[in-house]
Amino acid sequence: MSYGAASWSFTSEDQSAIHQVLQRFLTDSQSKCAMVVDRSGQLVTTVGDQPRFDAQAFASLTAADFSANDQLARLIGETDFNTLFHQGERESMLLADVARRVILVVLFDNKTTLGLVKLKLKGTVEQLAQHFATIGTRPARPEPERRPLLGNVDEEIDKLFQ
Amino acid sequence: MSMINYASREINCKLVYYGPGLGGKTTNLEHVYKKVAPSTRGKLISLATETERTLFFDFLPVDLGTIRGFKTRFHLYTVPGQVYYNASRKLILKGVDGIVFVADSQVDRMEANAESMQNLYDNMAEYGYDLTKMPFVVQYNKRDLPNAAPIAELQAALNPGWEVTDTTRQRVTPDPYHAGENLVEQAPTGEWIERSTYFEAVAINGDGVFDTLRAVSKLVLKALS
């Protein structure tokens, strides 16, 4: 792993493509909201009803939840658990691994069923996996953005802390 | 694993506070939480035991401001310091962009400090990360206590430096935070040595907390530039 550059980037084109896939999934599965969270706990994007809770905290806990469950899986001889389900009285959530790179979090209520959400999830995860595999293989900064992103900005960095 | 989100114009970076149990990692985050304007920080999430010992992690997102039109958001994490929780401690290091090692300055905590530092190197190595090549700052906390060890002793034990083999980097580099001290210098035996920068702190009063955060954040942002 190299340092000194962002590990990966997410462009407006990525966002449009992923939103299209997730929008269709939300309609088909009658779910409320889909969030994409990277494995280090950073929220990448949200589609559907905008969450009324602290999305940053939610994303960090999601990644921790997934990582902890990965380790639990290994302890019982599995390589991982690729989906996790948390059931509430009114709201539930389903989490799915996407290409070992990001986590898809789906929030849904009693208007749909776990079966329907899971049924529609499989194809969606496959489509997302293709997108994220492409994102993962390209340079962290796409061509139009290759100029030094934060170059010569010592002063601006200093100002952040005043 | 820093992420540049061009769609939302955000740069997200992950900082982890590491160190022995009861060294002051959570106290650092609590001070940042208290002092930063509520509009620029999120909730402080603590996954702790009933006795307030960190079980999994503490988490605090902080927006530092905007650079070149990108909102810079730092995600601050602590790890559980107790040896028992190594499995969960290791998970938090995944995707880390910068590390603060919070050492307990008390003489009788030297062994715990050294053990935790070794554990940090080991856990980083398991992910394939090289601590000597990433933003890394050491904080000597609890400087107000009467049994605090001298800084020179702490530096010798916890931050002795590593050899610089890259000839382009073999030049004296002053420590911007300590006049008369160098981050890179030639040892009397001839080899070039690099050390991490360090800060003295009394985190419970807030002393040194923001100096440490500022330094590691700058290193992370400069690594991105």
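In the text below, chain A, chain B and the rest are named by the order of the sequence lines, each starting its count at 1.
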Are side-chain N/O atoms of Asp175(B) and Tyr198(B) paired as donor and acceptor at under 3.5 Å?
-> no
Hey, is Lys133(B) close enough to Asp130(B) for a salt bridge, meaning N to O under 4.0 Å?
-> yes
Is Glu126(A) salt-bridged to Lys122(A), going by a charged N under 4.0 Å from an acidic O?
-> yes
Would you call Arg195(B) and Glu181(B) a salt bridge, using N to O less than 4.0 angstrom?
-> no
Side chain, backbone, both or neither of Leu60(B) within contact of chain A (heavy atoms, under 4.5 Å) | neither
Please confirm whether Tyr177(B) and Phe199(B) have ring centers closer than 6.0 angstrom.
-> yes
Tell me, do Ile45(B) and Leu47(B) make a side-chain contact under 4.5 Å, heavy atoms counted?
-> yes
Would you call Tyr18(B) and Leu93(B) a side-chain contact if the rule is heavy atoms closer than 4.5 Å?
-> yes
Aromatic rings Tyr129(B) and Tyr127(B): how do their planes relate, parallel, tilted or perpendicular, breaks at 30° and 60°?
-> parallel
Enumerate by number any residue of residues 52-62 of chain A whose heavy atoms lie under 4.5 Å from heavy atoms of chain B; in the absence of such residues, state 'none'.
-> Asp54(A), Gln56(A), Ala57(A), Ser60(A), Leu61(A)
Salt-bridged, Asp70(A) to Arg100(A), with N to O below 4.0 Å?
-> yes
Which residues in residues 80-99 of chain A have any heavy atom lying under 4.5 Å from a heavy atom of chain B?
-> none
Using the ring of Phe132(A) (Phe, Tyr or Trp, six-membered ring only), decide whether Arg101(A) places NZ or CZ under 6.0 Å from its centre and within 45 degrees of its axis.
-> no
